[in-house]
Amino acid sequence: MARTHAYGLSDVGRSRNRNEDHFSIEDDGRLSIVADGMGGHGHGELASRLAVKAILSFLEAPPAGGARAAEQRSRLLETAFLAAHERLLEEVAGNSSLLGMGTTAVVLAVDGDAATVAHVGDSRAYRWRDGRLELLTEDHSWVNEQVRAGFLSEDQARSHPLKNVVTRALGGDAEIQVDLSEFDSRPDDVYLLCSDGLTTMLRDEEIAERLVEVADRPLEEACARLVKDANDRGGLDNITVVLVAIEE
Ligand code: CA
């Protein structure tokens, strides 16, 4: 059984009035979620909150099944995402003023020496190992499609006017496709889940530099440092960071 330690911080940033991000850390970080809601009039707040709640309540009472093979862990997370998606569609169906609300979600589940990541949208998961920061997710965003096609550089994508356009979201189109990946997990690995309010303000190399600087400090300080730096850069969006350290 892996021992984990986790901390998270969410900040409204410097230019938004509301914080539409939502995060949750369960069981000392064995299960962590970051969601970044969208939709006017505070509906993004509702979307991210409802999605986190729906994912958690699904995972609290998962369908019966004994073994916890990788495929089953992934399938469980996928089904939890689909349940959250349905929950949002149901909310919109009952109140048409909510039309257009949706949310990203990234989930990290640590189980022994395995880590499963599920995501939809442009919230990200990274793994910090041996002084290297590795991106574990692929943004479902319009700008990322342009980067992959060679039309935009990473830097251009980060400041592009359409950088907030996600191509997949819970509560979005009727069909949803969840990305799932399984990783090996080792002591001293640190996972970072974050909303795009961090990654549009700081490049991956800059996040890595901060993590080096706070390597021996408590996770609380590392989270505060990342949020502060994103705010110092302008804090144009809500900023959410969750750090999960694998201890042994
Ligand atoms: Ca955002």
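Whatever order the structure lists them in is the order used to number ligands and atoms, beginning at 1.
- Side chains of Asn238 and Ser195: a donor-acceptor N/O pair is absent below 3.5 angstrom, by distance only.
- Between the Ca ion (ligand 1) and Asp36 there is an N/O/S contact shorter than 3.0 Å.
- Distances from the Ca ion (ligand 1) to the N/O/S atoms of Asp237 are shortest for OD2.
- Among the atoms of Asp196, an N, O or S atom falls under 3.0 Å from the Ca ion (ligand 1).
- A donor-acceptor contact shorter than 3.5 Å is absent between the side chain of Thr104 and the backbone of Asp122.
- With salt bridges taken as basic N to acidic carboxylate O contacts below 4.0 Å, one links Arg124 and Asp204.
- Although no hydrogens or angles enter the test, the distance criterion places a donor-acceptor pair under 3.5 Å between the side chain of Asn144 and the main chain of Asp139.
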